[in-house]
Amino acid sequence: MNRLLRSNEVLVAVTIVGLCLIVGISNPVFFTVGNIFDLMRSSIVMGIFAMGVLIVIVSGGIDVSFTAIAVFALYSTVRLLNAYAPEAPFWLAFVIAGAIGFGLGMINAFFIARFNLPTLIVTLGTMSMFHGFLLFAIGNTIVRDLPPSLTAFSRATLVQVQMERGVANLHPAIFFTAVIAVLVWLLMDFTMLGRGVYALGGARDAAERAGFNIRRIQYFIYGLVGLLSGFGGMIYGSLNRQANPQDIVGSELNVIAAVVLGGASLTGGRGTVIGSLLGVALVVIANNSLILIGVPSVWQRVVIGLIILVGTGVPAIQERRARRRTGGSASGPTQPLQAAPAAD
Amino acid sequence: MEQTAKRKTFAGFARGDSHILRLLAIAILIFIAFSFLLPGKFFTIRNMQSMAVQFPEFGILAFAILITMLTGGIDLSIVGTANLSAIFAALILTRLGGDGAPASPAVVALAILAAPVVGSLCGLLNGLLVARVGITPILATLGTGSLFTGLSYVITGGPAITTTQLAFIGNGSVLGIPIPVIVFAALVVFFSVTLNRTAYGFNVYMLGTNATAARFSGINTTRVLLRTYWLAGLVASIAGVIFLARANSAKPDYGASFVLLTVLIAILGGVSYTGGSGSVSGLVLAVLCLQFLSTGLNMLMLELSGSSAAIFFRQFAWGALLLLVMALNYYSQKRRERNRAPSQEATPAA
Amino acid sequence: MSDEIIRLTGIYKSFAGVRALIDVDLTIERSRIHCLVGENGCGKSTLIKIISGVYTRDAGRVVINGKEFDELHPITSIREGIQVIYQDFSLFPNLTVAENIALNEQLAEGRRLVNWREVRRIAQEALARIEVDIPLNARVEDVSVANKQLIAIAKALRQNAQLIIMDEPTSALTEREVRALFSVIRRLQQTGIAFLFVSHKLNEVLEISETIAVMRNGRIVSVGDRSEYDTERLTFEMTGQKIAERNYEFTPDVGAPALLRVEGLNAGAALRDVSLEVRAGEIVGVTGLLGSGRTELALALFGLLTVDSGDIYVENKPVRIRSVQDAIAHGIGYVPEDRLTEGLFLEQSIGRNVVVRTVERLRGALGFTDLQKMDAQVKEWVGSLRIKTGNPDLPAKTLSGGNQQRVVLAKWLASNPRILILNGPTVGVDVGSKNELHEMIKRLAGEGMGLLVISDDIPELLQTCNRILLLRHGRIVEEIMPPQTDANELAAKLVEG
């Protein structure tokens with residue numbers, strides 16, 4: 001199984017390389033520094049979101065409210081700072097957005113942990129709640145003047161490369177994504193809490209009996225996802241130099257698609273940071289390269305839909321075949337006696 | 001005895017009739033409350049008429065969620081299907097119907113028939129992906145939803161296609177009953193009969209309760225699922241025609257909030273999200289509850305704040321209501337369980 | 001005195017006014033193998049949950065390791081060295097063997113970080129202690145049931161288990177795996193660990209246990225040394241009545257063609273060149289170890305397993321069975337192995353469970369389902385199979401194991417199959433119901449049905465079948481005639497090779 005999982009990551013990586021070659025050959029612009037920086041820039045926010053979605057999916061849940069949380073955190077933080085502390089440093093914006101995101105995530109956690117409700121339906125509900133509340137109580141107009149520290153942050157560059165026309169910039173926020181990815185990897189693979197998330201997704205009853213505090217894990221998961229969404233939203237707003245309350249919501253599918261493509265299973269217990277990042281890369285490249293190969297951008301949603309269907313369909317067919325060969329779903333693995341101790 | 005036994009096995013199913021009665025009480029309560037809160041506004045013939053043409057839009061879509069949820073799945077692509085169907089119908093009307101002048105009945109008929117064909121194809125694709133390929137319904141229909149909406153964008157290039165050719169459906173009525181209401185009523189009858197009095201309906205409930213046992217009992221689960229998602233697509237396309245007829249335009253992003261709303265209706269109506277239980281009567285009452293709430297809240301918000309942001313309040317309210325209903329269901333189930341012995345093993349053998 | 005791990009005295013427990021435990025006394029001693037037997041619903045599970053601290057008792061004393069506990073929480077129970085291995089083993093299918101063994105221990109130590117080298121070391125030690133070898137990096141979902149059982153034991157030992165309680169430990173194991181399990185248990189017993197087996201497989205209870213306690217209707221009705229019991233006495237204590245079974249005798253009707261004939265069936269590694277015949281009125285037993293192909297044979301005949309080659313004839317006519325629908329069309333029915341997940345719709349009413357096969361035929365005017373006909377059919381089957389229920393509108397989950405199995409049988413009988421395959425027909429069924437089910441099977445054969453009974457319950461095979469086919473590695477290796485074979489002989493044949 002371990003080998004199979006790894007091979008799934010290899011498969012995604014191979015697909016990415018293949019896609020790059022196809023796009024690169026049909027349009028050499030693809031391999032320019034400018035384009036690669038663009039792709040990386042597009043991956044910054046999605047990568048952060050994907051880390052949150054990964055944790056939820058590993059725990060056996062699904063979260064469709066994280067985009068609403070992100071835009072809620074972004075917009076209300078910007079409004080708050082503009083009104084009371086326009087001179088605030090940019091890190092304060094992130095602290096506030098993170099805190100708001102965390103708070104909203106805890107609302108998700110409350111309904112999921114307290115009432116033991118299905119995560120899809122809860123987060124559908126909170127998505128509507130959060131977004132609706134944002135629009136009717138906080139504001140529904142685009143804010144174009146961000147606090148100066150955020151505007152400055154949006155202009156920051158990590159690497160600058162002189163191009164034929166203008167310069168190509170790589171934004172330092174990519175570090176942010178990288179750091180978060182490493183932290184999530186450490187969390188998931190080297191802490192008991194992370195193992196608890198895998199345990200919860202693998203066998204909930206057993207996790208409970210083993211002494212994991214399921215509710216606490218769920219609060220942690222959805223709180224963390226909220227926090228990451230808050231950060232993601234803030235970066236999104238900074239990079240675009242505006243806070244639009246209608247932004248981000250609607251893109252949740254892209255992120256879920258990326259994580260599922262990266263090998264996470266909606267039934268829970270499976271999924272890795274590397275896989276999810278590869279999934280993000282694949283979705284970003286597919287989305288951003290359509291124009292390069294001459295496909296109008298209106299096809300984007302169609303492509304995302306197809307990626308999801310192919311990415312989930314192929315493993316589903318394989319599993320189904322295997323099951324029919326071994327006889328039904330219920331008889332379980334039949335490899336008896338292999339490692340059983342010698343009798344008598 | 002004979003009578004009650006029958007009612008239990010058929011009309012109310014597992015949740016029992018108490019849920020339906022409670023819903024009926026809630027609907028009446030909401031209605032009375034708004035009539036008092038909004039004197040001369042809510043309980044008026046005009047408002048009744050306006051509500052009557054509003055609820056069929058999402059009420060019809062709710063049937064698609066009902067049947068897929070009964071099998072233990074869900075169809076998140078219904079709005080995408082509805083819009084794509086509407087766009088095909090609108091295309092036929094604008095391309096073949098000529099401009100301005102009323103189109104010939106043949107073209108109108110063709111347009112109205114094209115929608116269900118598109119919807120059926122969408123539904124069958126979902127059915128194939130769920131039943132034959134074996135993708136989880138959530139993912140399969142998220143994917144096709146994106147696909148259908150994407151195709152709508154590809155076809156229209158973004159903007160809406162406007163046509164008033166179907167206004168006679170949207171605004172028309174027969175014997176004083178608006179046509180959308182008649183369509184909704186026809187679907188109520190169709191689904192009541194299908195779910196309660198046909199082998200297919202029986203199998204839907206059994207499949208939703210335990211898919212493995214259904215397979216081992218000789219139920220052709222592939223066929224039942226195919227038929228269910230096909231029906232869902234068909235129903236969504238009927239809703240699409242109503243969208244077009246009411247709004248006089250078809251666009252790719254119409255009614256995005258309907259997915260949430262219809263899930264809310266299903267949950268409120270007592271449909272179990274794990275499949276296997278739920279009824280048409282519960283669904284209808286939930287649709288009515290939500291229409292009363294929707295209209296009442298809108299009027300109330302307008303009266304109180306007068307701002308256009310009131311429409312966003314509804315979005316908030318739907319989410320909150322969904323969570324509230326599920327939390328209440330949790331408590332009522334807890335209470336039911338407490339009244340029963342904890343498990344069969346715990347009670348001595350009879 | 002120090003030999004006692006647990007002493008329970010006068011334990012009472014009720015649920016919503018129903019008494020589940022009545023004045024129960026039970027003592028468990030170190031280094032001893034105890035068995036708790038009783039029919040389903042007698043209170044065994046409740047008693048275990050009292051010991052493990054999951055339920056709080058209404059009255060009575062609990063003394064563990066010499067200390068008296070007024071209130072017993074799950075954590076306390078674990079700290080005192082009591083480990084319960086449930087039927088699902090409480091393992092994580094998505095995690096490795098090593099992590100499964102070490103996880104609880106690391107959690108109990110309150111660790112925050114995972115040391116993977118430590119995890120491996122713990123797992124290696126634990127498996128070495130029970131002297132078994134399971135690949136540490138394998139995912140638990142990929143190992144056999146027997147190995148899962150051993151992993152669960154290894155895990156319990158790592159948590160300083162003094163007493164290991166095993167709930168129906170052998171129900172998913174083959175005879176050979178049971179032997180292997182028993183030898184592990186006996187080894188551990190030498191090191192001072194006590195075991196409490198909860199079981200209703202009488203021959204195994206008699207084989208492994210040293211002290212036996214029998215429960216009936218919430219009371220312990222009999223406690224004693226193993227030597228005081230035999231099958232007959234255990235059956236009597238469990239049911240309160242004496243039951244005697246007779247062999248099934250079959251005289252073939254020479255002229256009639258076989259109802260079912262299978263020739264040279266091959267399916268991957270699961271089935272190899274299987275040929276068999278079932279005549280009207282015959283009860284053919286199929287036995288073999290788990291993985292011998294016994295379940296695969298049933299699935300192949302029922303259209304759920306892809307077959308590579310071979311011919312199937314129903315009443316001499318060649319047929320192709322590629323789906324359940326095909327099988328049913330040829331009059332084949334299948335009562336599956338796992339009643340709860342494959343056989344029943346637990347949340348649906350008993351009545352709907354009974355008519356699920358025939359609802360298509362219960363049509364009235366306009367082709368719609370006729371509810372009156374449906375009620376009548378339900379009533380008929382509830383009556384004729386004596387399904388004990390107050391109301392057939394209640395969900396099937398309210399029934400006891402034996403009655404649930406009758407519902408599954410009724411479902412198939414209602415559709416008049418000519419050939420019925422039963423896989424483990426009395427697994428998890430109490431002794432009284434078991435006997436009645438056997439009589440029912442014989443009666444069906446007597447009425448001209450052909451039955452294929454798949455089982456590894458040796459007395460069951462010998463008492464109900466007129467012929468028994470022995471499967472080994474997917475091949476039929478022997479045909480056994482019950483009157484000429486006794487239980488020990490058959491048991492030996494089952495495990496050999």
Side-chain angles (χ1 to χ4, degrees), chain A residues 62 64-65 68 107 110-111 114-118 120-122 124-137 139-140 245 250 252-254 256-257 260 265-267 296-317 319-320 323 328-330, chain B residues 74 76 80 125 129 132-136 138-140 142-158 211-212 215-216 252-253 256-257 259-261 263-264 267 273-274 301 305 307-323 326-327 329-331:
Chain A
I62 186 168
V64 293
S65 73
I107 296 180
F110 172 74
F111 282 101
R114 177 73 188 79
F115 302 113
N116 199 11
L117 297 173
L120 172 73
I121 297 176
V122 166
L124 262 178
T126 54
M127 171 178 78
S128 181
M129 240 175 89
F130 298 157
H131 202 212
F133 188 84
L134 173 70
L135 292 168
F136 97 83
N140 49 41
E252 53 275 346
L253 187 56
N254 295 7
I256 294 171
V260 169
S265 152
L266 272 200
T267 49
S297 62
V298 284
W299 283 89
Q300 254 187 25
R301 296 188 71 130
V302 175
V303 170
I304 286 290
L306 288 177
I307 286 180
I308 292 183
L309 295 180
V310 173
T312 54
V314 171
I317 288 177
E319 194 185 320
R320 181 163 274 232
R323 212 167 44 197
S329 56
Chain B
I74 197 165
L76 298 172
L125 176 62
L129 292 171
R132 293 220 76 115
V133 180
I135 308 178
T136 337
I138 293 178
L139 282 180
L142 268 178
T144 56
S146 176
L147 186 70
F148 302 152
T149 308
L151 284 175
S152 300
Y153 277 110
V154 170
I155 292 168
T156 62
T212 309
R215 218 154 50 98
F216 276 84
D253 57 355
S257 65
V259 172
L260 174 85
L261 187 59
V263 170
L264 169 58
I267 300 283
Y273 43 75
T274 52
M301 285 298 287
S305 68
S307 89
S308 63
I311 51 162
F312 299 125
F313 178 74
R314 210 165 36 170
Q315 195 181 340
F316 167 77
W318 288 165
L321 190 64
L322 176 63
L323 295 171
M326 291 205 296
N329 281 349
Y330 169 84
Y331 283 118

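Quantities reported herein were computed from a predicted structural model and do not represent experimental measurements. Here is how names work: the chains are called A, B, and so on, in the same order as the sequence lines, proteins then strands, and each is numbered from 1.
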- A:Ala316 versus B:Gly134, closest heavy-atom pair with distance: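 Shortest heavy-atom separation between A:Ala316 and B:Gly134 comes out as CB-O, 3.5 Å.
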- Query: Between B:Leu260 and B:Gly319, which heavy-atom pair has the shortest distance, and what is it?
  - Reply: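 What the structure gives for the nearest pair is CD2-N, 4.2 Å.
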Is it the backbone or the side chain of [X] that comes under 4.5 Å from a heavy atom of chain B, or both, or neither?
X	value
A:Leu253	side chain
A:Ile307	neither
A:Val314	neither
A:Ile121	both
A:Leu266	side chain
A:Phe133	both

Could you measure the distance from the [atom1] atom of [X] to the [atom2] atom of [Y]? Nearest 0.5 Å is fine.
X	Y	atom1	atom2	answer
A:Leu120	A:Ile62	CG	CD1	6.0 Å
A:His131	A:Thr126	NE2	OG1	12.5 Å
A:Met129	A:Ser65	CE	OG	10.5 Å
A:Phe111	B:Tyr330	CZ	OH	13.0 Å
B:Ile267	B:Asn329	CD1	CG	8.0 Å

- Task: Before giving the answer on side chain to side chain contact (heavy atoms under 4.5 Å, CB included), spell out for A:Ile308 and A:Val260 the whole-Å C-alpha distance, their side-chain angles and the decisive distance to 0.1 Å.
- Result: CA-CA 8 Å; A:Ile308 292 183; A:Val260 169; over 6 Å; no
Quick one: what part of [X] sits under 4.5 Å from any heavy atom of chain A, side chain, backbone, both or neither?
X	value
B:Ile138	side chain
B:Ile74	side chain
B:Val154	both
B:Leu142	both
B:Leu147	both
B:Tyr153	both

Most heavy-atom pairs under 4.5 angstrom with chain B, which of [options]?
options	answer
A:Gly125, A:Gly132, A:Ser128	A:Ser128
A:Leu124, A:Thr267, A:Asn116	A:Leu124
A:Gln300, A:Met127, A:Arg114	A:Arg114

- Message: Tell me if the centroids of the rings in B:Tyr331 and A:Phe115 come within less than 6.0 Å of each other.
- Response: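 They qualify: ring centres under 6.0 Å apart.
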- Can you find a heavy atom in the side chain of A:Asn140 that is under 4.5 Å from one in the side chain of A:Leu134?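 A:Asn140 does not reach A:Leu134 side chain to side chain.
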